[in-house]
Amino acid sequence: ATSREAWGERTPSAARSARNGVGLITIDGPAGAGKSTVAQLLAQRLGLRYLDTGATYRALAYEALARGINLRNAAHVAGLVGRVRVRVRQDASGRLRVEVDGQDVTWQIRSEAVTDAAAIIAQFPVVRLRLVALQRRLVAGRRTVAEGRDTGSFVFPKAAHKFFLTATVRVRAARRQHELRQLHGRSASRTLIARQLRARDAMDVRRTVGPLVRPAGAVVIDTSRLTAGQ
Ligand code: DC
């Protein structure tokens with residue numbers, strides 16, 4: 001990608017095809033449904049780009065924490081979107097890299113502190129609207145698999161193909177438990193994780209802008225009993 005492309009500047013034709021949803025696949029669903037895993041596999045297999053919209057919430061939350069910004073000050077947090085350069089891309093080996101102002105924060109944005117902070121700032125309409133604009137710029141009309149909570153319903157409503165992944169709380173908690181162990185070497189009780197997931201689901205479903213919904217026309221897949229490959 002050229003540097004212009006990397007920062008998501010659009011050419012007129014790219015902007016047009018983005019509006020028409022050509023070459024766009026969206027995957028939405030609750031935490032732990034398998035969105036990231038499936039979206040990355042799909043992007044690799046089809047030779048499309050991959051956009052993890054959750055990573056934009058995480059990157060912003062990371063930067064707000066780093067700057068000591070009060071997370072409840074929505075205007076202040078949202079204002080950061082215009083002042084920092086967030087870059088989300090797949091590296092040569094297909095792994096997601098996230099940068100804020102040129103600093104690689106791929107690893108840092110998965111911390112538990114950032115996970116909690118991202119959930120807080122994702123509640124504010126003003127923050128969401130700024131990040132949605134960023135997500136559209138990041139896609140900029142290129143063929144992409146976008147994944148998140150509201151990509152088919154709100155960010156890219158004209159996407160050509162929409163999927164909604166779901167799984168039981170029990171299965172999602174087990175996946176999260178595994179991830180915590182792999183990522184942070186931490187063992188946590190599955191009951192506690194299940195409670196946290198339910199709380200996060202409630203926040204995702206209730207917010208006014210970009211709530212978690214099954215987009216109209218989406219193919220619904222329950223991944224509870226499926227492997228990633230399936
Ligand atoms: O999928 P994730 O855990 O990386 O998402 C991080 C946070 O961002 C999480 O609290 C949900 C929120 N999010 C959102 O509100 N809308 C999206 N499209 C993606 C993520």
Side-chain angles (χ1 to χ4, degrees), residues 24-40 50-65 71-72 74 77-78 80-81 86 88 90 95-98 100 105-139 144-157 159 162-167 169 172-173 175-180 182-184 188 193 196-215 218 223:
L24 263 174
I25 298 175
T26 61
I27 304 182
D28 292 299
K35 303 181 296 293
S36 306
T37 307
V38 170
Q40 287 181 61
Y50 162 58
L51 175 65
D52 171 357
T53 58
T56 65
Y57 288 89
R58 288 174 178 272
L60 188 63
Y62 168 83
E63 193 60 21
L65 287 176
L71 296 177
R72 309 261 167 204
V77 174
L80 265 184
V81 180
V86 176
V88 180
Q90 268 184 305
R95 273 192 297 269
L96 183 78
R97 311 299 313 179
V98 182
V100 176
V105 295
T106 309
W107 170 248
Q108 291 89 322
I109 64 167
R110 301 294 155 187
S111 75
E112 292 175 65
V114 171
T115 299
D116 291 342
I120 293 170
I121 66 161
Q123 298 306 305
F124 302 125
V126 61
V127 170
R128 300 195 70 83
L129 293 174
R130 295 296 294 268
L131 285 180
V132 165
L134 170 70
Q135 291 153 16
R136 290 176 181 151
R137 285 198 300 277
L138 288 170
V139 166
T144 300
V145 182
E147 162 255 308
R149 303 294 190 286
D150 60 349
T151 59
S153 55
F154 191 69
V155 189
F156 305 110
K162 300 180 185 181
F163 295 89
F164 189 84
L165 299 193
T166 174
V169 170
R172 295 194 284 130
R175 288 176 184 160
R176 178 77 187 134
Q177 188 182 41
H178 180 73
E179 188 184 66
L180 278 174
Q182 299 285 106
L183 222 57
H184 306 292
I193 296 172
Q196 289 168 341
L197 276 177
R198 283 198 192 89
R200 191 144 300 161
D201 287 351
M203 282 170 99
D204 277 337
V205 168
R206 280 193 210 125
R207 66 173 163 258
T208 47
V209 173
L212 174 66
V213 288
R214 253 164 60 175
T223 68

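Every number for a ligand or one of its atoms is a count from 1 in the order of the listing. Computed from heavy atoms alone, side chains included, the values below leave out hydrogens, waters and symmetry copies.
- Contact check on D150 versus R207 returns no salt bridge, with no Lys/Arg side-chain nitrogen under 4.0 Å from an Asp/Glu carboxylate oxygen.
- Counting all heavy atoms, side chain and backbone alike, L60 lies closest to V81 at CD2-CG2, 3.7 Å.
- Within the structure, ligand 1 lacks M203 among the residues with a heavy atom less than 4.0 angstrom away.
- By the 3.5 Å distance cut-off applied to N or O atoms, T151 is not counted among the residues near ligand 1.
- Inspection of the R110 and T115 side chains reveals no N or O donor paired with an N or O acceptor under 3.5 Å.
- Counting only heavy atoms of the protein, atom 9 (C) of ligand 1 lies nearest to R149 NH2, 3.9 Å.
- Below 3.5 Å of separation, one finds an N or O of T53 facing an N or O of ligand 1.
- Proximity annotation for atom 5 (O) of ligand 1: of G54, P30, A61, G54 comes nearest, heavy atoms only.
- A118 CB, 3.9 Å is the protein heavy atom nearest to atom 7 (C) of ligand 1.
- Contact check on R149 versus D201 returns no salt bridge, with no Lys/Arg side-chain nitrogen under 4.0 Å from an Asp/Glu carboxylate oxygen.
- Contacts between K35 and ligand 1 below 4.0 angstrom, taking non-hydrogen atoms only, are absent altogether.
- Set against the non-hydrogen atoms of A122, the atoms of ligand 1 under 4.0 Å away are 12 (C), 15 (O).
- V105 and V100 get closest at one heavy-atom pair: CG2-CG2, 3.8 Å.
- The protein atom (non-hydrogen) at minimum distance from atom 8 (O) of ligand 1 is Y57 CB, 3.4 Å.
- The closest non-hydrogen atom to atom 15 (O) of ligand 1, taken over R128, E147, Q135, comes from R128.
- Side chains of T56 and Q135: a donor-acceptor N/O pair is present below 3.5 angstrom, by distance only.
- Here the side chain of K35 pairs no donor or acceptor atom with the backbone of E147 at under 3.5 angstrom.
- Rounding to the nearest 0.5 Å gives a distance of 8.0 Å between CZ of R176 and CG of L183.
- The shortest N or O to N or O distance between D150 and ligand 1 is under 3.5 Å.
- Heavy atoms of other residues, nucleotides or ligands lying less than 6.0 angstrom from NE2 of H184 number more than 12.
- For A119, heavy-atom contacts with ligand 1 shorter than 4.0 Å involve the backbone as well as the side chain.
- Distances between N or O atoms of R58 and those of ligand 1 include at least one value under 3.5 Å.
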